[in-house]
Each structure stands twice: as C-alpha cells, then as structure tokens.
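Report on the structure given below.
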Amino acid sequence: MANSFATRLTAALLVACLATAARADEEAPQPSPSPSVQAPSGQTPSGQKGRAGRGEAGSGASAAANTPAAEQHRLPPDSTTKQSVALPGRTLNFSATAGSIRVFDDKGEPLADIAYTSYQLDGAEKASRPVTFLFNGGPGSASAWLQFGNVGPWRLPFDGAVSSASPELQPNADTWLDFTDLVFIDPVDTGYSRFVTTSEDARKRFFTVDGDANSVALVIRRWLEKYDRLTSPKYLVGESYGGIRGPKVVRNLQMQQGVGPRGLILISPVLDFRDYTGSSLLQYVASLPTMTAVARQAKGPVTREDLADVERYASGDFLLDLVKGQADTEATTRLADNVAGLTGIDQAVSRRLAGRFDIGEFRREFDRKSGKVTGRYDASVEGFDPYPDSSYFRFNDPSGDPLMAPLTSAAVDLTTRRLNWRPDGSYHLLSESVNKAWEFGHGINPAESVTQLRQALALDPKLKLLIGHGLFDLATPYFASKIILDQLPAFAGPSRTRLAVYPGGHMFYSRDGSRQAFRKEVEALVK
C-alpha cells in the first residue's frame, strides 16, 4: 500500500533483463511493449504441460538451475494431495497442489521460484471449467488473506480476531470452489516464494510496478500450460495493491502471454495513487463518505444507501469549497463545520485542520477522548492508543495487526501438514522488506492502472470488471473507485463494470453477510 512512481530507467532495465524469451521455460518478467511489437515468428509460448512435478525448464535452463546458488535456495518438488471438505448441502472433492514455478532470464539463468497453491475440483471438464488466479497486494503481501479469509476451501475467522486466537482452519461454506478452480499466487519474497539468484540487479527488478505485474502474468501462463488449462475460462482477483497489479497483469496476459481473461475482480483496490498523494484535493473527497460511515455506524447499522447525501455533498459543495482554498475563510469555515457535523469530530479540531483530515488524523481524533484509535483497514474497529498523550502518532492498526499471528500459523500449518509441502526457511505473510524495497519510480507520473484498465476493456468487449469495497475502509476508500469508474467511456458502462459496497473494512469479507453477498456477485460473473 505504499505509494510512488514508475521511472523510465526502470522500464529500460526491465526491457534489457526481463525481455520476452523464445520459450516460456527461459522467460522472466518483461514490460508490456506497444501493441505493434510481436514475438518473432516461431517463438510461440511453450511450457510444462501436465507434469506432476515442479515443471523444470528445458535443458539449457536446467543446466543453469543446477548452479550451487540456485540449488541452495530451491523450493521442494510440488506436492499434490487428494482432499475433501464437507459443507452444508454438499461435499467437495478436489486435488490440492502446493508448489512453485521457476522463472528465468533471457539467458536461461534462474531468477526466482514463485509459490502457488491450487485447488482443482475432481471430475470437472477442464476445457469448460473456469479457473481463477488470486493475489493480494502490499506490495509484499502473500495471498493467505484471500485464501483463508474469503475464497479457499478452508477459512480462518477474521472478525474479532486477536493475536492469540486459535489458527485452526474451518471448512468454508462460502468457498468459490463450487464454481471455479482456484490458484493462489505469492509474488517473490512473499509466502514461501524466493529468489534463487544472487544478482542484486535482477532481484531489484522484481520489486518494480511493471516487473512485478509481468512476473505474475508469466506465472499464470506457465501454470495454464503446465496443467493443460489454456482453453479454460480465466478470471483474475486482486486485493488492495492488487488494484494496481491486476489491470497490468490482464494487459500483459492479453498482449504478451497469449492469454485472454474473461473477468477481473478487484477487492478493496487502489487504482490510482494520484488520488492519495501530494496536494490532491481528491484524497479528501474520496475519504469523506467513509469517515461519515464510521461515525454513523457507531449509532447503528449503515449501508451505502444511507450515505447518498454524503456522496452528493462530497462531489458537490464540499469539492467546490475545497477548490476555493483557505484564502476564502467563509468557505473554509463552512467546510470545516460540515465535516465536524458529519464525522462527529470536535468542531474546534476540524476548524484547526480546515476540515482537511488525512487518514492518520481522523483515526486518532475520532475517539481521542477515550484514548482510542480506529483501524486503518476497518475504521469501525477501535483499539487503545499506546501513547495517548504523545504529540505525534505512535499507533498501529487494531483492525489488521491482530490477524498477523493466527493467519501466519494457519498458512504454515495447512501447507506443511495437510498439503504435505515443506519448504525450508520462513513464511512471509506481509514482508516489510519487500514493501520498503519497492521501486514505484521517481518520475512525474504516479503509479496507476487506470490506463491498462481502459486498454484491456477497449480491446476485449467481453471482458468484465467487478469491484468490491468495504464501507469502513480508510486504506482504500470505496468512493475513490466510484470516481474512477464514473470517468470510464461508454464502452465500459454498467453492463460490464460494477461497484459493490458492503458493511466492513478492507477485508469486508470478514463479515458473514458481506462475504456471502460478494460471493453471489462473483458467481454470477463467472457463470
């Protein structure tokens, strides 16, 4: 969820070292070229179709993979087990595979092992059975949040979790496995995914906006080839920073990998960092409905329909007064008092801040009299401020941090015990080192994926988009996505794009009703 910009230098390095290779087995991430750039004749994608093992590369790459450095860091062979889960009204029998796909540079040198967990329903016809690829964001987040909080065959209760909560997984009655096979991808240095190269330059290229998206697209194609699923209907799901990653992956699949997804599903996405940076006034417009929802839910249940008045105000008179600026004292006072009335924050505080609350200020001021702070992921969740008298912010997130311990333990236990895949080394649920090393670039254009989203929707008139948000999410407010969707051309209208907003936060699926309602939306899209 960090913010920054993509540079021309990064793109040049990606072209040089992560360029399109002749074979999928000797390929690494590469930036998307213009539509006019095509692979030379005869260089069609190939892969390890139907292999039960880890899908090693061809002879040239295999020789490179046997280098001491690569072998030292190598993940174990894939593990496929037969599983069964008893759910209300049905029993699902499926094959579960925990494994990895190795990617190479254009010289056949191994770069990384990208871990995945897949679930394929027994007895289904591969050609017609949908398959959905899922990834979280961060950057630096493993896919366990989506797998064990929302979509997979087993689920860990998120709502009300504390660090000491039992990590025991339960059968997930709301799994999507009923209507689609599932593949959860952990980008490099998240989960058990890891580098096998010692080249710092090569490692850094994965931690860029385009290098990351292109590596995920490559892994998707390689998985499809490996399991003979190229003809299956294909869908992608991205959460949070997955809103940047997702449209870029779709575009790369369309233009570079020879794969055409049918649908893109984004959960609590960020689509354009320009809305959250610098002096952008849209950051205040986007967050005001969510801040108001937090205040209103303290008095009773809230739905998006209950916020219609705030949405109108945010995009109307509120924005007009923001544009007038603090040079207009009357407009500033009016704006500050309206914000105080909507959010319940003290009028004097709102006037001091000119009604312009950033996320951290709101989280602390909302219930400061009680010495509590709200969550960033879910602002309806409160926790104690460890330094309530401090003159600066020194608190974490009471809505997200308690999940770290039980979710990590659950992921490791399932992978090693039930799925019988035992990598050495640590499992990284949320890697701070990846987040800190991420290169968004330092150019004049902040990271955004709206460009790729428009291009993908324009290219394929059958491609559909579903976006789900939580009302109380301050990390990626739902109204920011609403503003972006409203700007799309007519060819991407309501018949192809939909925004669904539910009670809850960034992981709105932690609430039973919201998770079940969103599942119905996804099932309708896939079917």
Hits for ring-ring contact (aromatic ring centres under 6.0 Å, His included) against Phe133, two or more places apart or cross-chain, chain-then-number order -> Trp223
Heavy atoms of Leu134 and Ser143 approach each other most closely as O-CB, 4.2 Å
Is it true that Glu200 and Lys204 have a side-chain N and a carboxylate O under 4.0 angstrom from each other?
no
_Arg304 vs Glu311, salt bridge (Lys or Arg N to Asp or Glu O under 4.0 Å): CA-CA, chis, key distance, verdict_ = CA-CA 9 Å; Arg304 186 187 173 191; Glu311 291 187 12; 2.9 Å; yes
Charged N to carboxylate O below 4.0 Å: is that the case for Asp460 and Lys462?
no
| said: Just checking Lys234: does its NZ atom have more than 12 heavy atoms from other residues, nucleotides or ligands closer to it than 6.0 angstrom? | reply: yes
Correct closest heavy-atom pair for Gly242 and Pro247 would be O-CD, 4.1 Å
* Asked: Do Trp438 and Phe206 have ring centroids that are under 6.0 Å from one another?
  -> no
ask   = Would Gln256 and Asn214 count as having a side-chain donor-acceptor pair, cut-off 3.5 Å?
value = no
Exercise. Can you find a pair of side-chain heavy atoms, one from Arg356 and one from Gln326, that are under 4.5 Å apart?
Worked result: yes
Thinking salt bridges, do Glu330 and Lys324 make one under a 4.0 Å N-O criterion? no
Flag for Tyr313-Asn338: side-chain donor and acceptor within less than 3.5 Å:
yes
* To do: Tell me yes or no: between the side chains of Asp210 and Thr208, is some donor less than 3.5 Å from an acceptor?
  => no
In terms of side-chain geometry, is the basic nitrogen of Asp321 or Arg334 positioned less than 4.0 Å from the acidic oxygen of its partner?
yes
Heavy-atom closest pair (Lys527 atom, Phe179 atom, distance to 0.1 Å) is CE-CB, 3.9 Å
Only one of Thr290, Leu288, Thr343 passes side chain to side chain contact (heavy atoms under 4.5 Å, CB included) with Phe362, and that residue is Thr343
Check your understanding: Under 3.5 Å, is there a donor-acceptor pair linking the side chains of Gln452 and Arg251?
Key -> no
Measuring centre to centre across the rings, with the benzene-like ring taken for any Trp, is Phe195 within less than 6.0 Å of Phe207?
yes
Item to complete: Could you walk me through whether Ser350 and Phe357 pass the side-chain contact (heavy atoms from CB on, under 4.5 Å) test, one step at a time?
Response: CA-CA 8 Å; Ser350 186; Phe357 286 86; 3.7 Å; yes
As a quick check of understanding, evaluate salt bridge (Lys or Arg N to Asp or Glu O under 4.0 Å) for Asp212 and Arg245, giving each step before the final call. CA-CA 8 Å; Asp212 161 75; Arg245 181 181 283 150; 2.8 Å; yes
**Asked** Does a side-chain N-to-carboxylate-O contact under 4.0 Å join Arg194 and Asp189?
**Response** no
Margin query: Less than 4.0 angstrom from a charged side-chain N to a carboxylate O is my criterion; do Arg515 and Asp512 meet it?
Written below: yes
Does the pair Asp201 and Arg203 meet the rule for a salt bridge (Lys or Arg N to Asp or Glu O under 4.0 Å), with working shown? CA-CA 5 Å; Asp201 287 340; Arg203 292 162 63 95; over 6 Å; no
So CG of Leu264 and CG of Leu465: to nearest 0.5 Å the spacing works out to 5.5 Å
- Query: Would you call Arg519 and Asp178 a salt bridge, taking side-chain N to carboxylate O under 4.0 Å as the test?
  - Reply: yes
Nearest heavy-atom contact between Thr132 and Thr180 is OG1-OG1, 2.8 Å
With sequence neighbours left out, the residues meeting side chain to side chain contact (heavy atoms under 4.5 Å, CB included) with Arg351 are Thr333, Ala336, Asp337, Gln347
Looking only at heavy atoms, the pair that brings Gly360 and Asp358 closest together is N-OD1, 3.1 Å
Looking only at heavy atoms, the pair that brings Pro130 and Tyr235 closest together is CB-CE1, 4.1 Å
Q. Between Tyr509 and Phe518, is the ring centre distance below 6.0 Å?
A. no
